[in-house]
4 protein chains.
Amino acid sequence: MAAIMCLVTTAKKASRASTAAPASERRAHLVRLAGDLFAEKGFRATTVREIADAAGILSGSLYHHFDSKESIGDEILSAFLDDVLAGYRAAVRDCDDPRAAIEQIVRSSTAALSQHRAALTMLQHDWTYFSGQPRFAYLRTAMKEIERTWVQQLEQGKRSGQFRDDLDARLTYRLLRDILWIPTSWRQRPAKAWRTDQIVDGLLRLIFDGITTPATPAPQRRNARSR
Amino acid sequence: MAAIMCLVTTAKKASRASTAAPASERRAHLVRLAGDLFAEKGFRATTVREIADAAGILSGSLYHHFDSKESIGDEILSAFLDDVLAGYRAAVRDCDDPRAAIEQIVRSSTAALSQHRAALTMLQHDWTYFSGQPRFAYLRTAMKEIERTWVQQLEQGKRSGQFRDDLDARLTYRLLRDILWIPTSWRQRPAKAWRTDQIVDGLLRLIFDGITTPATPAPQRRNARSR
Amino acid sequence: MAAIMCLVTTAKKASRASTAAPASERRAHLVRLAGDLFAEKGFRATTVREIADAAGILSGSLYHHFDSKESIGDEILSAFLDDVLAGYRAAVRDCDDPRAAIEQIVRSSTAALSQHRAALTMLQHDWTYFSGQPRFAYLRTAMKEIERTWVQQLEQGKRSGQFRDDLDARLTYRLLRDILWIPTSWRQRPAKAWRTDQIVDGLLRLIFDGITTPATPAPQRRNARSR
Amino acid sequence: MAAIMCLVTTAKKASRASTAAPASERRAHLVRLAGDLFAEKGFRATTVREIADAAGILSGSLYHHFDSKESIGDEILSAFLDDVLAGYRAAVRDCDDPRAAIEQIVRSSTAALSQHRAALTMLQHDWTYFSGQPRFAYLRTAMKEIERTWVQQLEQGKRSGQFRDDLDARLTYRLLRDILWIPTSWRQRPAKAWRTDQIVDGLLRLIFDGITTPATPAPQRRNARSR
DNA sequence: CATGAATGAGTTTTCATTCAT
DNA sequence: TATGAATGAAAACTCATTCAT
């Protein structure tokens with residue numbers, strides 16, 4: 001079983017070295033409020049006034065807590081990437097099987113994503129905005145590490161015979177990474193919402209097996225649910 | 001073979017009934033320029049001045065051709081949706097097999113998407129902006145038809161035994177539709193770019209069969225390439 | 001005497017129910033400045049920059065206090081109409097004689113007009129602009145009440161024999177209402193200016209008796225000054 | 001009877017000396033179209049594009065006929081004032097009785113006004129705009145002549161005992177001139193409209209006699225209708 | 001004469017940010 | 001910490017006017 005090959009460790013709290021944030025209660029609360037708005041409409045499309053309104057203060061007052069709107073964004077994005085990268089590194093470290101590693105990456109990423117919805121929306125909506133600024137250079141760095149990890153696991157799986165040998169590793173990475181990010185951006189109406197585990201299982205099944213009915217119900221076949 | 005079951009017809013030029021656009025040479029050129037910018041940065045993030053700069057005129061001069069920035073967006077979006085819906089309808093009409101219909105949908109959508117890159121970026125970046133305005137009500141209508149079509153084909157495929165019967169049709173639709181849209185939003189550097197047919201084949205393979213090596217090399221198995 | 005039949009009450013401060021205006025010192029001052037400009041040149045012909053200049057700030061800074069130029073206009077117009085209507089209602093309520101009621105209407109209107117010069121200029125200059133917008137629907141409503149009041153008093157006076165029975169009530173109303181509004185729009189150079197009571201007495205005399213020398217110096221004749 | 005004392009002459013076509021207008025058919029038609037729009041919304045509030053639209057041409061094409069929007073206004077205003085002044089001069093010349101002169105002034109002005117609705121609206125809406133420009137200096141000149149004429153007739157009537165001797169001539173002039181202009185600015189819905197003679201009679205009656213029922217039906221009393 | 005395309009100065013409005021109180 | 005008032009740069013849009021064709 002996949003899980004057996006993977007020594008799952010709980011990710012330690014990522015050391016947020018990036019910003020020297022005087023993490024007060026109030027401040028953290030404001031970041032959360034801002035994040036909710038960013039998650040809905042994106043970073044640029046959200047005004048500081050809207051953030052202040054949500055907090056019940058005036059827009060100017062936000063500047064006692066942050067020196068710019070961007071520094072709020074910075075805080076959210078770096079926290080997200082710290083989390084995600086920690087998950088990727090742990091998956092690679094703890095799993096010696098590429099299929100298991102990818103499953104672990106998907107699961108840990110999904111967890112990170114659900115806790116950092118704002119960050120993802122920001123990356124999707126405002127990538128061109130952030131990636132152009134030196135302050136956010138770490139975004140590109142992190143993306144490169146993520147790509148490297150995926151490609152390595154996919155190539156390894158091809159060599160080991162687990163994955164189809166006609167896979168284009170980089171193309172598949174791009175598709176899978178983006179696929180993985182899709183559900184997070186869904187603004188779900190509570191009633192119709194799918195549960196996270198529903199989604200992640202659906203995703204894993206899709207990724208590994210596609211939508212087609214298996215040709216032969218081969219007994220050795222293991223789908224993502226058999227855990 | 002999939003293609004056999006599908007009476008592929010070339011899509012007739014979609015009658016642009018939606019907007020009575022007095023299409024002049026210059027005007028069409030300006031829409032194209034604007035579209036390129038929208039595709040890169042989104043609709044809101046693109047200023048009319050940038051569009052005008054690209055055209056080598058002053059921003060105010062754009063209003064000789066359009067009565068608002070939004071009407072440029074309108075033109076792009078409605079043209080896109082006309083094309084996409086035409087493709088969906090043709091696929092359903094011409095294919096009596098859900099697998100073939102979906103393959104046809106994917107192929108026609110991909111073609112439409114590659115010709116309307118701006119539209120997709122706009123929908124992804126600025127959905128909340130557009131969908132809130134009465135003028136763009138047709139966006140919601142079109143999306144509903146798209147969803148209906150996917151769900152119907154998936155359900156039919158489940159009943160006919162072609163697709164796994166544990167598929168959640170709506171969840172799968174959301175995933176597949178978004179997956180389909182992914183590659184279009186990639187701003188590719190020419191050198192590294194994948195060809196469209198590479199991408200669409202990769203996608204179809206992924207959708208139908210996943211990334212895993214087939215358990216048994218069943219002879220009746222048909223992958224997306226065997227056409 | 002006219003005044004005898006009229007139980008004059010001081011108009012209570014009109015409850016400004018219409019707009020929930022967060023009235024600050026500064027804000028009120030800005031409205032006054034804007035009003036002065038509107039009174040001189042009309043609403044549309046006055047730019048926000050001129051208002052800002054008058055206040056010694058930048059045009060954008062006005063939007064800290066108002067969300068649009070129109071909302072300044074709204075504030076001025078609704079305050080005016082509240083006042084005017086209060087005067088009309090009080091006149092009808094307190095006077096049981098149409099001649100007295102009309103005199104009272106003229107006097108209260110004149111007072112209101114002199115305090116709201118901007119509003120009148122705006123109605124005269126920019127009626128087509130305002131009356132077309134849903135936001136200013138109350139303008140039409142108020143005008144209808146004003147017309148109804150005049151016509152009722154004139155008709156009543158005709159029945160009671162106080163007014164000529166060949167008066168066309170609606171025509172006379174239109175003339176008298178507009179006549180009443182005339183002097184307010186005069187931008188008077190201080191030196192040549194007439195006093196308000198001079199004007200209102202001149203007006204009343206004109207309205208009731210015309211300019212012709214009375215045929216017979218009838219002893220029972222009462223002119224508007226004999227109060 | 002008033003009319004007896006007044007030797008009415010038809011006003012000769014005013015020599016339009018002001019602008020060297022190559023009065024072509026087309027041009028005159030355009031001025032009329034523009035005038036209709038100015039009459040409805042004022043001069044500034046009407047755009048050249050609206051004028052061009054009304055004429056079925058593009059806005060730029062107007063400049064083949066006029067060198068500026070203002071020159072259209074000039075044409076309308078000067079034609080109006082030529083007519084009005086001609087009427088005033090004729091009235092003074094032909095009538096030796098101030099009451100008759102004023103009646104004649106009212107009647108000729110009314111005729112002129114009904115033929116030049118645009119001009120009046122322009123003067124009322126855009127007086128500050130025009131009166132500030134050297135090009136329109138003749139407006140002030142004309143107004144002065146109009147004032148002089150009224151005041152002279154009123155003073156003369158006071159001396160001759162026809163008018164109340166407590167009349168303030170200048171105040172009364174301002175009131176009467178503006179009163180006279182009122183009905184012209186009414187944009188009447190055809191159904192409810194009053195006929196011009198209805199209005200002018202109502203006006204004259206009002207001016208000379210007011211709205212009050214005559215104290216004694218003195219036989220020598222003459223109202224405005226007894227012609 | 002008219003078109004089609006453009007100019008350029010001006011309009012209202014937005015918004016991140018600053019700062020004295 | 002928060003307020004209230006402001007800045008300044010940029011946004012979308014308007015409009016009289018020009019001019020080559």
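Here is how names work: the chains are called A, B, and so on, in the same order as the sequence lines, proteins then strands, and each is numbered from 1.
Partner assigned to E:dG8 is F:dC15, using Watson-Crick or G-U wobble distances below 3.5 angstrom. Nucleotide E:dA20 has F:dT3 as its partner under the Watson-Crick or G-U criteria, with both atom distances under 3.5 Å.
Distance check on atom C1': E:dC1 versus F:dT21 gives 13 Å, rounded to whole Å.
Separating the CD atom of A:Gln133 from the C1' atom of E:dA16 is a distance of 13 Å, rounded to the nearest angstrom. Rounding to whole angstrom units, CG of residue D:Asp53 and C1' of F:dA16 are separated by 15 Å. Summarising the geometry, the separation between CD1 on B:Ile72 and C1' on F:dA12 is reported as 11 Å, rounded to the nearest angstrom. A straight line from CZ of C:Phe43 to P of E:dT11 spans 14 Å, rounded to a whole angstrom. Computed from coordinates, the A:Tyr129 OH to E:dA16 P distance equals 9 Å when rounded to whole Å. Spacing between atom CZ of C:Phe66 and atom P of E:dT14 amounts to 15 Å, rounded to whole angstrom units. The CG atom of D:Leu62 sits 15 Å away from the P atom of F:dC15 (whole-angstrom rounding). The CZ atom of B:Phe38 sits 12 Å away from the C1' atom of F:dA12 (whole-angstrom rounding).
Put simply, A:Ser61 has a side-chain N or O that comes within less than 4.0 Å of OP1 or OP2 on F:dT3. The side chain of A:His65 places an N or O atom within less than 4.0 Å of a non-bridging phosphate oxygen (OP1 or OP2) of F:dA2. A close approach under 4.0 Å does occur between a side-chain nitrogen or oxygen of C:Arg26 and OP1 or OP2 of F:dA6. Neither OP1 nor OP2 of E:dT18 sits under 4.0 Å from any side-chain N or O of A:Tyr63.
When each of B:Arg44 and C:Gly56 is assigned the nucleotide of DNA chain F with its nearest heavy atom, C:Gly56 is the one assigned upstream, toward the 5' end. Of the two residues contacting DNA chain E, namely C:Arg49 and C:Gly60, the nearest-nucleotide position lying further toward the 5' end is that of C:Arg49. Toward the 5′ end of DNA chain E lies the nearest nucleotide of B:Leu58, the other residue of the pair B:Leu58 and C:Asp67 mapping further downstream.
With respect to D:Arg117 and D:Glu40, no salt bridge is recorded, no charged nitrogen being found less than 4.0 Å from a carboxylate O.
Distances were taken from every side-chain heavy atom of D:Ile57 (C-beta onward) to each of F:dT7, E:dC1, E:dT3; the shortest belongs to E:dT3. In this structure, of E:dT17, E:dT13, E:dT11, it is E:dT11 that holds the atom nearest to the side chain of C:Thr47. If you check E:dT17, F:dA5, E:dT13 against the side chain of A:Val48, the one that comes closest is E:dT17. Listed nucleotides: F:dT3, E:dA5, E:dT13. Nearest to the side chain of B:His64: E:dA5. In this structure, the nucleotide among E:dT13, F:dA16, F:dC13 sitting nearest to the side chain of B:Lys69 is F:dC13.
For the pair A:Lys41 (side chain) and B:Tyr129 (backbone), a donor-acceptor distance under 3.5 Å is absent. Using a distance-only test at 3.5 Å, with no hydrogens or angles considered, a donor-acceptor pair links the side chain of D:Arg27 to the main chain of D:His65.
The heavy-atom pair separating B:Ile72 from B:Ala34 by the smallest distance is CG2-CB, 3.8 Å. Of all the heavy atoms in A:Gly35 and A:Ile76, the pair that sits closest is CA-CD1, 3.7 Å.
Checking D:Asp82 against D:Tyr138 by side-chain atom types alone, no donor-acceptor pair falls below 3.5 Å.
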